[in-house]
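Here's the structure we're looking at; comments come further down.
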Protein chains: 2
Amino acid sequence: MNIGDAAELSGLPAKTIRYYEDIGLVRPERGGNGYRDFSKRDAHKLAFLGRARSLGFSIEECRTLLSLYEDRSRASADVKEIAEQHRDRITRKIAELEAMRSTLQTLISDCHGDDRPDCPILDDLSGAETVIE
Amino acid sequence: MNIGDAAELSGLPAKTIRYYEDIGLVRPERGGNGYRDFSKRDAHKLAFLGRARSLGFSIEECRTLLSLYEDRSRASADVKEIAEQHRDRITRKIAELEAMRSTLQTLISDCHGDDRPDCPILDDLSGAETVIE
DNA sequence: TGGAGGGTTCCAGACGCGGGAAGGTTCTTG
DNA sequence: CAAGAACCTTCCCGCGTCTGGAACCCTCCA
């Protein structure tokens with residue numbers, strides 16, 4: 001099938017699929033006209049990649065997951081470890097974002113938000129000591 | 001002061017400071033030797049930028065915040081709106097990451113993680129229907 | 001026959017820097 | 001006063017993951 005069909009089947013944009021070929025994640029055949037010719041297996045791999053990416057795995061993790069997927073003698077422990085590391089990274093990222101949000105929320109709550117210039121948000125960013133209320 | 005001192009005062013790497021000059025966030029003077037010459041005001045702006053960045057504001061938001069900071073006739077409402085939009089973006093990002101983490105955790109829990117190849121994580125990524133337990 | 005709607009390659013850009021090369025300047029040490 | 005360490009400069013490349021666009025080729029249908 002052509003790249004358009006592979007895109008529709010896998011849910012990935014054609015541009016992304018070409019990129020994935022560039023970096024060696026898929027290796028479709030080529031027809032006599034130079035067009036890529038994707039097998040069902042290729043389309044399936046692309047869909048696999050799409051799902052893994054949507055769970056936030058990096059391209060390199062996807063590459064590893066894909067090779068494990070195609071390795072009949074894999075150990076599920078290897079897959080699990082990748083997933084756990086990724087989960088832990090997500091957990092840390094969430095904590096970081098929540099710290100930001102918390103600080104932001106405090107500043108936002110302190111800002112009256114009218115047409116006067118006084119602004120605790122800017123005060124904080126400018127390094128002013130916390131104002132005594 | 002030289003860039004090294006500005007870096008130490010602001011907590012930003014010299015590389016970052018040069019980049020900020022490139023994109024017009026700061027405009028230090030130049031000495032006769034071609035070295036940048038930062039005023040205290042410049043260093044203060046850099047520290048402002050560092051704090052805003054650490055709260056996750058984009059460079060363009062930082063640019064706006066900085067111009068509001070330097071605008072004596074600003075309305076605090078303008079600052080607050082930027083902060084609120086940013087907070088909302090963070091909130092959405094957290095929700096997205098939590099959805100990923102939740103899915104990952106389910107898959108991880110279902111994976112026995114030994115040296116056998118059966119793996120619900122790969123099954124899920126490959127698009128297999130949920131297995132009846 | 002002509003045009004719409006595929007496909008191809010290649011280059012640039014996005015974000016926010018970091019690394020490193022090649023070279024000039026200034027400070028410190030002996 | 002000379003040597004060398006420790007600064008500073010500019011420039012270009014690379015990171016990750018695509019996305020947009022230009023210029024061009026191929027196929028199908030009316």
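Because only heavy atoms are used, hydrogens play no part in the values below, and waters and symmetry mates are left out as well, while side chains stay in. First the proteins, then the strands, lettered A, B, ... as listed; each starts at 1. Everything numeric in this text was worked out from a predicted model, so none of it was measured.
- Remark: A/Tyr19 is not in phosphate contact with D/dG16, judged by side-chain N or O atoms under 4.0 Å from OP1 or OP2.
- Between B/Phe57 and B/Gly32, the residue anchored nearer the 5' end of DNA chain C, judged by the nucleotide with its closest heavy atom, is B/Phe57.
- There is no side-chain donor-acceptor pair under 3.5 Å between B/Thr64 and B/Glu60.
- Look at CD1 on A/Ile17: it is 11 Å from P on D/dT19, rounded to the nearest Å.
- Side-chain N/O atoms of A/Thr16 include one lying less than 4.0 angstrom from OP1 or OP2 on D/dT19.
- Applying the salt bridge (charged side-chain N to carboxylate O under 4.0 Å, His left out) test between A/Glu21 and each of A/Arg36, A/Arg27, A/Lys45, A/Lys15 identifies A/Arg36 as the sole match.
- Taking every nucleotide of DNA chain C with any atom under 4.0 Å from a non-hydrogen atom of chain B, the first and last of them, 5' to 3', are C/dG16 to C/dT26.
- Remark: B/Glu8 CD is loosely packed, at most 12 non-hydrogen atoms of other residues, nucleotides or ligands lying under 6.0 Å away.
- A 6.0 Å sphere centred on CZ of B/Arg89 holds more than 12 heavy atoms belonging to other residues, nucleotides or ligands.
- Paired with B/Cys111 under the rule side-chain contact (heavy atoms from CB on, under 4.5 Å), one option of B/Asp118, B/Thr106, B/Ile121 passes, and it is B/Ile121.
- A side-chain donor from one of B/Asp42 and B/Ser39 sits under 3.5 Å from a side-chain acceptor of the other.
- One distance of note links CD1 of B/Ile17 with CG of B/Leu25; it measures 11.5 Å at 0.5 Å rounding.
- In this structure, A/Glu60 places its CD atom 12 Å from C1' of D/dT17, rounding to the nearest Å.
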Under-3.5 Å N/O pairs linking protein and nucleotides 28-30 of chain D:
none

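- One finds no salt bridge joining B/Lys93 and A/Glu96 here, because no Lys/Arg side-chain nitrogen approaches an Asp/Glu carboxylate oxygen to under 4.0 Å.
- Side-chain atoms of B/Asp37 come within 3.5 Å of backbone atoms of B/Met1 as a donor-acceptor pair (strictly under, hydrogens ignored).
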Summary of protein contacts for nucleotides 4-15 of chain D, nucleotide by nucleotide, where a base hit scores B, a sugar-phosphate-only hit scores S (4.0 Å, heavy atoms) = ---BSBBB----
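- The CG atom of A/Leu12 sits 12 Å away from the C1' atom of D/dC18 (whole-angstrom rounding).
- Between the side chain of B/Asn33 and the backbone N or O of B/Tyr35, at least one donor-acceptor pair lies under 3.5 Å.
- Judged by distance alone, with hydrogens and angles left aside, the side-chain atoms of B/Ser76 form a donor-acceptor pair with the main-chain N or O of A/Asp114 at under 3.5 Å.
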